[in-house]
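Structure record follows, encoded as structure tokens.
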Amino acid sequence: MSPYQRNLFGEELPPEKKKITILSIEAKYRKEVVREDAPAWVSKRFTSASQVFEMFHDLQREAKEHFIALHLDGKNRISCLDRVSVGSLNQSIVHPREVFKTALLSSAAAILLLHNHPTGDPTPSREDLEITRRIKEAGELLGIRVLDHIIIGESYLSFAEQGLI
């Protein structure tokens with residue numbers, strides 16, 4: 001028995017066809033100016049939290065929290081920046097899945113996390129401590145090291161320097 005339908009005269013009808021569409025994904029990079037007046041010594045390779053603060057201190061002027069992940073290559077050079085979340089005055093919704101989605105696409109060996117506190121006080125909240133712990137654990141599973149989490153306010157706080165990471 002043929003799998004094809006037949007018309008009134010017994011002739012086989014061609015099978016119905018349909019178009020199948022599936023979303024494809026690709027990583028696209030675009031250039032973003034982080035700082036136009038950077039000191040001459042600044043490069044894409046940071047060796048201290050103070051250098052990260054120097055580069056991103058303009059975040060202290062933002063009225064909303066910005067959570068950023070800097071993706072690093074095997075030599076700890078910045079390969080790209082991912083603005084993971086822009087929140088409200090005192091919080092930003094962050095999930096480890098969103099942090100590592102782009103880190104995996106960029107083949108990051110490690111990441112640096114940073115976010116601002118619009119209040120100017122860089123003291124980490126309970127939520128800051130918890131999300132950093134969760135992101136670090138997820139990074140260990142994926143083989144992507146979380147080197148530091150820097151909170152930017154009027155000054156900065158480095159989780160690595162404070163022994164919090």
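For this chain, numbers begin at 1 and follow the sequence in order.
Counting Ile, Leu, Val, Met, Phe, Trp and Tyr side chains that sit under 4.5 Å apart, directly or through other members, V86 stands alone, with no cluster partners. Side-chain heavy-atom separations under 4.5 angstrom define the hydrophobic clusters, and the remaining members of the one that includes I20 are I22.
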For this session: Run the numbers on H115 and I131 for side chain to side chain contact (heavy atoms under 4.5 Å, CB included), then give the verdict.
Result: CA-CA 12 Å; H115 81 277; I131 193 60; over 6 Å; no
For this session: Using the side chain to side chain contact (heavy atoms under 4.5 Å, CB included) rule, take T102 and H71 through it: C-alpha gap first, then chi angles, then the decisive distance, then the call.
Result: CA-CA 9 Å; T102 55; H71 302 183; 3.3 Å; yes
Exercise. Could you go step by step and tell me if N116 and Q60 meet the side chain to side chain contact (heavy atoms under 4.5 Å, CB included) rule?
Worked result: CA-CA 6 Å; N116 64 313; Q60 65 187 297; over 6 Å; no
For this session: Kindly determine whether H117 and D128 satisfy side chain to side chain contact (heavy atoms under 4.5 Å, CB included), including the steps that lead there.
Result: CA-CA 11 Å; H117 280 178; D128 292 338; 3.0 Å; yes
For this session: Before giving the answer on side chain to side chain donor-acceptor pair (under 3.5 Å), spell out for D73 and S79 the whole-Å C-alpha distance, their side-chain angles and the decisive distance to 0.1 Å.
Result: CA-CA 6 Å; D73 66 13; S79 57; over 6 Å; no
Problem set entry | Check against salt bridge (charged side-chain N to carboxylate O under 4.0 Å, His left out), E130 and R126 | CA-CA 6 Å; E130 177 62 19; R126 182 177 44 79; over 6 Å; no
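Distance NZ/K101 to OG/S106: 13.5 Å, rounded to 0.5 Å. For the atom pair NZ (K64) and CG (L59), the distance works out to 14.0 Å, reported to the nearest 0.5 Å. Distance check, rounded to the nearest 0.5 Å: NZ of K136 to OG1 of T132 gives 11.0 Å. The line from CZ of R61 to CD1 of I152 is 11.5 Å long, rounded to the nearest 0.5 Å. Here CD1 of I144 is found 5.5 Å from CZ of F100. Values are rounded to the nearest 0.5 Å. Interatomic distance, N7 CG to L13 CG, rounded to the nearest 0.5 Å: 5.0 Å.
Side-chain contact between Q5 and E12 is absent, with no heavy atoms from C-beta onward closer than 4.5 Å. Between E140 and R145, every side-chain heavy-atom pair lies at or beyond the 4.5 Å cut-off. Using a 4.5 Å cut-off on side-chain heavy atoms (C-beta onward), F46 and I78 make contact. Taking the side chain as every heavy atom from C-beta outward, L114 and F53 never approach each other to under 4.5 Å. Annotation: side chain of T47 is in contact with side chain of Q51 (closest heavy-atom distance under 4.5 Å). Residues V52 and M55 form no side-chain contact, since every pair of their non-hydrogen atoms from C-beta on lies 4.5 Å or further apart.
With sequence neighbours left out, E127 forms a salt bridge (charged side-chain N to carboxylate O under 4.0 Å, His left out) with no residue at all. By the salt bridge (charged side-chain N to carboxylate O under 4.0 Å, His left out) test, R97 pairs with no residue at all, sequence neighbours left out. Every residue two or more places apart in sequence or in another chain was checked for a side-chain hydrogen bond (donor to acceptor under 3.5 Å, both in side chains) with E154, and none qualifies.
Under the 4.5 Å side-chain heavy-atom criterion for grouping Ile, Leu, Val, Met, Phe, Trp and Tyr, L147 is not connected to L129 through any hydrophobic cluster. Side-chain heavy atoms closer than 4.5 Å link hydrophobic residues (I, L, V, M, F, W, Y) into clusters, and following such links, even through other members, never connects I68 to V94. There is no path of hydrophobic side-chain contacts, each under 4.5 Å, that joins L70 to V99. Using a 4.5 Å cut-off between side-chain heavy atoms of Ile, Leu, Val, Met, Phe, Trp and Tyr, with links allowed through other members, I135 and I93 fall into different hydrophobic clusters. Linking Ile, Leu, Val, Met, Phe, Trp and Tyr whenever their side-chain heavy atoms come within less than 4.5 Å leaves L112 and I151 in two separate clusters.
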Residues 155-165 side chain polar contacts: donor-acceptor under 3.5 Å, at least two apart:
| residue | atom | partner | partner atom | Å |
| --- | --- | --- | --- | --- |
| S158 | OG | D148 | OD1 | 3.2 |
| S158 | OG | D148 | OD2 | 2.6 |
| S158 | OG | A160 | N | 3.3 |
| S158 | OG | E161 | N | 3.0 |

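Closest approach of L113 to I111, counting heavy atoms only: CD2-CD1, 3.8 Å.
For the residue pair S50 / E54, no side-chain donor-acceptor distance below 3.5 Å is found, with atom types taken as modelled. In summary, the side chains of T119 and D121 do not present any donor paired with an acceptor at a separation below 3.5 Å, with no hydrogens or angles considered.
Note: H149 and F67 have perpendicular aromatic rings, judged against thresholds of 30 and 60 degrees for the angle between ring planes.
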